[in-house]
Amino acid sequence: NSNGSTNPLATTYPVNTLMELKLSPNGETIRGLIYCTDEISNSIVLKKSLVHTTLSSEITVVNAASVLEKKTMDISIIGGSEEDGDEAAAAARELAGVSDLDELKLPLPNVSRKALEERERRAMRLAEESFSHVNQKASPEGQKIFDKLLKACNEVVWKGESILVLKEIRVDPPYTPDYCSLIAGGSGGLDEHSLERVKKIVMAASTSS
């Protein structure tokens with residue numbers, strides 16, 4: 001480890017700390033707020049506020065192995081009554097993108113692993129649901145009719161190349177009103193009125209561009 005420490009990156013580069021890093025091979029110096037660190041890729045992510053552009057901040061990813069020197073910009077000694085101190089404080093506030101340096105002393109919002117896992121599960125569920133709505137065997141016209149029915153009726157599934165609406169109305173290829181029918185023995189109480197409504201949706205979808 002080139003920074004001469006076996007400490008985790010999160011300890012060496014604490015989140016929400018203003019730092020100045022000197023990088024190899026050219027001795028380039030960058031300043032910014034430590035946004036996060038990643039042990040697996042051995043990376044440090046710095047965030048720098050951009051005040052003169054339409055972008056709010058610039059994110060820079062640095063390989064920890066390329067850091068030759070690091071210097072923490074101590075916000076507790078920046079400032080004071082002297083003019084130079086005020087300038088330094090203003091520069092630090094601008095760099096960190098905060099109106100008050102005390103904001104950097106506040107803890108970052110805690111995001112629990114459980115919340116992240118739940119968000120990931122929800123995203124997977126929505127993706128699987130979306131995939132189930134696409135039928136590779138159906139014609140583009142059939143897929144268009146399916147999408148319109150799904151929007152109107154919510155409970156619509158593919159059964160082979162036929163579209164099943166609310167488990168009781170079937171729309172067969174070529175997906176025209178003449179090919180809409182009530183399924184015999186349905187228990188949901190759908191009637192000819194429901195069938196007519198589905199036919200109207202199919203008609204509207206097939207005549208729209």
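Values below: every heavy atom of this structure, side chains too, minus hydrogens, waters and symmetry copies. Every value quoted in this text rests on a predicted model; they were computed, and no experiment measured them.
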Less than 4.0 angstrom from a charged side-chain N to a carboxylate O is my criterion; do Lys22 and Glu28 meet it?
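Not counted as a salt bridge, because no side-chain N and carboxylate O are separated by less than 4.0 Å.
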
Mind checking side-chain hydrogen bond (donor to acceptor under 3.5 Å, both in side chains) for [X] and listing every partner two or more places apart, or none if nothing turns up?
X: Ser41; value: Asp38, Ser43
X: Asp172; value: Ser162, Arg170
X: Thr37; value: none

In chain order, what residues pass the side chain to side chain contact (heavy atoms under 4.5 Å, CB included) check against Asn63, with sequence neighbours excluded?
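Asn63 satisfies side chain to side chain contact (heavy atoms under 4.5 Å, CB included) with Asn42, Ala65, Ser66 once adjacent residues are dropped.
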
Partner residues of Val157 under the side chain to side chain contact (heavy atoms under 4.5 Å, CB included) criterion, sequence neighbours left out:
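With sequence neighbours excluded, Val157 shows a side chain to side chain contact (heavy atoms under 4.5 Å, CB included) to Leu164, given in chain and number order.
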
Hydrophobic clustering (ILVMFWY, side-chain heavy atoms < 4.5 Å, transitive) - are Ile145 and Met203 grouped together?
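No, Met203 and Ile145 fall in different hydrophobic clusters.
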
Please check if Ile30 and Leu9 belong to a single hydrophobic cluster, counting links between Ile, Leu, Val, Met, Phe, Trp and Tyr side chain heavy atoms closer than 4.5 Å.
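Yes; tracing contacts between hydrophobic side chains, which count when under 4.5 Å, links both residues.
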
Could you walk me through whether Asp147 and Leu149 satisfy the side-chain contact (heavy atoms from CB on, under 4.5 Å) test, starting with their C-alpha distance in whole Å, then the side-chain angles of each, then the deciding distance to 0.1 Å, before giving a yes or no?
CA-CA 6 Å; Asp147 294 342; Leu149 286 167; over 6 Å; no

Walk me through it: do Thr17 and Leu33 pass the test side-chain contact (heavy atoms from CB on, under 4.5 Å)?
CA-CA 5 Å; Thr17 305; Leu33 189 69; 5.8 Å; no

Which heavy atom in [X] sits nearest to a heavy atom in [Y], and how many Å separate them?
X: Lys148; Y: Ala205; result: CG-CB, 3.6 Å
X: Trp158; Y: His133; result: NE1-O, 3.2 Å
X: Val156; Y: Cys153; result: CG2-CB, 4.1 Å
X: Ala152; Y: Ile201; result: CB-CD1, 3.6 Å

Under the criterion salt bridge (charged side-chain N to carboxylate O under 4.0 Å, His left out), I'd like the reasoning laid out for Lys167 against Glu155: C-alpha separation, chi angles, the key distance, then a yes or no.
CA-CA 8 Å; Lys167 298 179 183 172; Glu155 197 183 329; 3.8 Å; yes

Identify which one of Leu68, Val67, Thr29 satisfies the side-chain contact (heavy atoms from CB on, under 4.5 Å) criterion when paired with Leu21.
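Passing option: Val67.
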
Give the C-alpha distance, both sets of side-chain angles, the deciding distance and a yes or no for side-chain contact (heavy atoms from CB on, under 4.5 Å) between Glu168 and Leu195.
CA-CA 9 Å; Glu168 293 195 45; Leu195 180 60; over 6 Å; no

Once rounded to the nearest 0.5 Å, what's the spacing between atom NZ of Lys199 and atom CD1 of Ile169?
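Between Lys199 NZ and Ile169 CD1, I get 9.5 Å after rounding to 0.5 Å.
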
Go through the steps to decide whether Val45 and Thr60 satisfy the test side-chain contact (heavy atoms from CB on, under 4.5 Å), and finish with yes or no.
CA-CA 6 Å; Val45 181; Thr60 306; over 6 Å; no

For the pair Ser206 (side chain) and Val202 (backbone), establish whether a donor and an acceptor sit closer than 3.5 Å, ignoring hydrogens and angles.
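Side chain of Ser206 to backbone of Val202, a donor-acceptor pair under 3.5 Å: yes, one is there.
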
Could you tell me whether a side-chain N or O of Gln143 sits under 3.5 Å from a main-chain N or O of Ala138, the two making a donor and an acceptor?
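Not at all, since once roles are kept as given, no pair shorter than 3.5 Å links the two residues.
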
Under 3.5 Å, sequence neighbours excluded: what are the donor-acceptor pairs made by side chains of residues 175-183?
unit_1 : atom_1 : unit_2 : atom_2 : d
Tyr175 : OH     : Glu161 : O      : 2.6

